[in-house]
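By convention here, the first residue in the shown sequence is residue 1. Please read all numbers here as calculations on a predicted model, not as lab measurements.
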Amino acid sequence: MSQPGTGTGTTPAIPRQVDRRATPADVPAGADPSAGPTAADTPDAASGAGEVRRSARSGAVGLVGAAVNGALGFLLTVVIVRGFGTDGSGALFTAIGVVSILGAICCAGADTALVWALPRRRIGVDGDAARLLPVALLPVLLLTAIVAAVGALTADRLAPVFFERSDGPTLLRLAFLALPVTVAMTVLLAAVRAVRPVTAVVGIQYVLVPLARPVLLLATVATGAGVAVGFGGWLLPVALAVVAAVVLLLRPLGVFAGARLRPDGADWRTLWGFALPRAVSAAIDASSMWVGVLLTSALAGADESGVFGAVGRYALAGLLIMQGLRVAVAPQLSRLLGQGRTADAALVYRRVTVVIILLSWPAYLLLAVFAPGFLSLFGDGFTAGATPLAVLAGAMLVNSGVGIVQTMLLMSGNSARHLQATVVGLALTVGLGFLLIPEHGALGAACAWTAGVVAENVLAAVAARVAIGEPLFTRSVGWAAVGAGGGAAVVAVLSALVAGRGVAGLALALVVLAVVAAGLLLDRRVRGTVRAAVTMLRPRPA
């Protein structure tokens, strides 16, 4: 039997709240009737508004972390492609892909399970949260050690499948040997995310690790060391993150203060009942881009793989906004859904989705229109990726447009339904990849990945709506999409017609968007909205 409030894993029943929302006639003038009740409308509105403020404060920290991570990630990509060229960067991206895919597989969903389960438990010396840590860690570390040993011993035979370089076996062996530390970092950071303020995990995952990587790779390039040494520099910060995560977990879990660490049978059933379906979908999530990189490397060569890797980095950079907000609010969503407060959880989701659209859609539209300008920063060898980049930007409009819907589905305990959506997405990505990549290279990989991304997100959105029983997409979300997407599209297209799709056109579009934004601030209603948002985002005591 599962612990009270934790559920058994796949499809727990969520108690429905009494629908006390205001009717349209009750909504004050100027309010958005799609955004749920206001303070004057319902007795429960204060708690809902408080949850929105809580998510906004955490989200502000997540957004800052995402901005830093995005800048450092872009710097890392520039260092890799400039320092190692198309062939070397393709090999390095392939090695990183092996770690990313195998690491997600070996985590077996335990990281997401901790984010889901720990907020529903009591922390501290007298709590029952600490005993979930060995339940999550011990099986995945044992599995990872076996995979690492087998992989390291067979690296010489496996390397020719993905690498045409003499250092291929070395790269693959390094990837396998790094798996245990990588998996430990992922699981421990998930626990930090669930029991510590969001600043803790942001500091490690979004600042410490991404800052150390380009520094170490710059040193590698400066000294003339090879790709294998550069891959070692990419891996080294993972060990630092493990140490930092352990230190941050000791106090809240009461590990040295007498907290019980020995789990019982219910602990194992609760966590792994959720984790096992998530294990498969997590591997698919992590491999969504890297499957394309590996397929492109195997079917079209390292040069095309390097182009697709660079293009994919640009496409994923915009998702850091969503990732920052997801990291911030996932434990909150799990707590609310565990308490049966589905209306509050849906309200938090909608507000977060609006922020994601407003910040992400203009960036992706600029990325699609000015793809040649963006890729020229990597060098002449990468400008052939302009069309694949435009295709992927379209996929990411869909991905960011549904917001954190996959997190919403997972935090409701529906890891099995999430798995169904990800399996369909992977099947499309791989199936179309085999058909399109041999003839079209990076463009074929981009089309295959786009089909998988769109299918997965649409299916997840439908499943989340059914599981939560609350409206997730309302007029507020629609107006955000129309405003951000339509305005940015008009500015981008006109700027491209005037100054071209290169750096000059991009600069013109950015200037025009800045002028438009400044002009909008002259409107009293817009200024009031901005002031309200700033007030909501200002840190306050929890």
For the side chain of Asp267 and the backbone of Asp264, is there at least one donor-acceptor N/O pair under 3.5 Å apart? yes
Look at the side chain of Ser360 and the backbone N and O of Ile357, then say whether any donor-acceptor pair between them is shorter than 3.5 Å. no
If you define the side chain from C-beta out and look only at heavy atoms, does anything of Leu248 sit under 4.5 Å from Ile204? yes
Do Val453 and Asn457 have side-chain heavy atoms sitting under 4.5 Å apart? yes
Might you work through the side-chain contact (heavy atoms from CB on, under 4.5 Å) test for Leu143 and Val147, ending with a clear yes or no? CA-CA 6 Å; Leu143 171 64; Val147 172; 4.2 Å; yes
Of all residues at least two apart in sequence or in a different chain, which pass the salt bridge (Lys or Arg N to Asp or Glu O under 4.0 Å) check with Arg465? none
Polar side chain donor-acceptor pair, Thr342 to Glu470, under 3.5 angstrom: yes
Taking the side chain as every heavy atom from C-beta outward, state whether Val402 and Thr353 have any atom pair closer than 4.5 Å. no
So do the side chains of His418 and Gln406 get within less than 4.5 Å of each other, counting heavy atoms only? yes
Looking at every non-hydrogen atom in both residues, tell me the closest pair between Ala241 and Val209 and how far apart they are. CB-CG2, 3.8 Å
Test log, rule side-chain contact (heavy atoms from CB on, under 4.5 Å), inputs Leu410 and Ser415: CA-CA 5 Å; Leu410 285 169; Ser415 54; 4.1 Å; yes
Side-chain donor-acceptor pair present, Ser334, Arg120, cut-off under 3.5 Å: yes
Rounded to the nearest 0.5 Å, how far does CZ of Arg173 lie from CG of Asp156? 4.5 Å
Testing Val352, Leu358, Ile356 for side-chain contact (heavy atoms from CB on, under 4.5 Å) with Val354, which one passes? Leu358
Intermediate values then yes/no, side-chain contact (heavy atoms from CB on, under 4.5 Å), Leu174 and Val99: CA-CA 9 Å; Leu174 277 174; Val99 174; over 6 Å; no
Over all atoms of both residues, closest heavy-atom pair of Val405 and Ala460: CG2-O, 4.0 Å
Once rounded to the nearest 0.5 Å, what's the spacing between atom SG of Cys447 and atom CG of Leu428? 12.5 Å
How about Leu132 and Pro263: do any of their side-chain heavy atoms sit closer than 4.5 Å? no
Arg193 side, atom CZ; Gln205 side, atom CD - distance, nearest 0.5 Å: 7.5 Å
Counting distance only, does the side-chain N/O of Trp272 pair as donor-acceptor with the main-chain N or O of Val135 below 3.5 Å? yes
Atom CG in Leu235, atom CG in Leu216: separation rounded to 0.5 Å? 10.5 Å
Grab the two heavy atoms, one from Val140 and one from Thr144, that are nearest each other, plus how far apart they are. O-OG1, 2.6 Å
So, for Ala194 and Leu118, which heavy atoms are closest and what is the spacing to 0.1 Å? CB-CB, 3.6 Å
What I'd like to find out is whether the side chain of Pro237 reaches to under 4.5 Å of the side chain of Leu208, using heavy atoms alone. no
Between Arg350 and Pro471, is any pair of side-chain heavy atoms under 4.5 Å apart? yes
Should the pair Phe274 and Trp116 be assigned to parallel (<30°), tilted (30 to 60°) or perpendicular (>60°) ring geometry? parallel
Tightest non-hydrogen contact, residues Trp361 and Ser400, listed as NE1-OG, 3.2 Å
Find out whether Phe93 and Ile80 are in side-chain contact, i.e. whether some heavy atom of one side chain is under 4.5 Å from a heavy atom of the other. yes
Between Ala159 and Leu172, the two heavy atoms sitting closest are N-CD2, 3.6 Å
Please assess Arg278 against Asp111 for the test salt bridge (Lys or Arg N to Asp or Glu O under 4.0 Å), listing each intermediate value before the final yes or no. CA-CA 9 Å; Arg278 175 57 181 159; Asp111 51 334; 5.7 Å; no
Between OH on residue Tyr349 and CG on residue Leu409, distance to nearest 0.5 Å: 11.0 Å
Do any N or O atoms from the side chain of Arg213 and from the backbone of Trp234 form a donor-acceptor pair under 3.5 angstrom? yes
Can you list the steps and then say if Val187 with Cys107 is a side-chain contact (heavy atoms from CB on, under 4.5 Å)? CA-CA 7 Å; Val187 175; Cys107 280; 4.2 Å; yes
Rounded to the nearest 0.5 Å, what separates atom CG in Asn414 from atom CG in Leu419? 12.0 Å
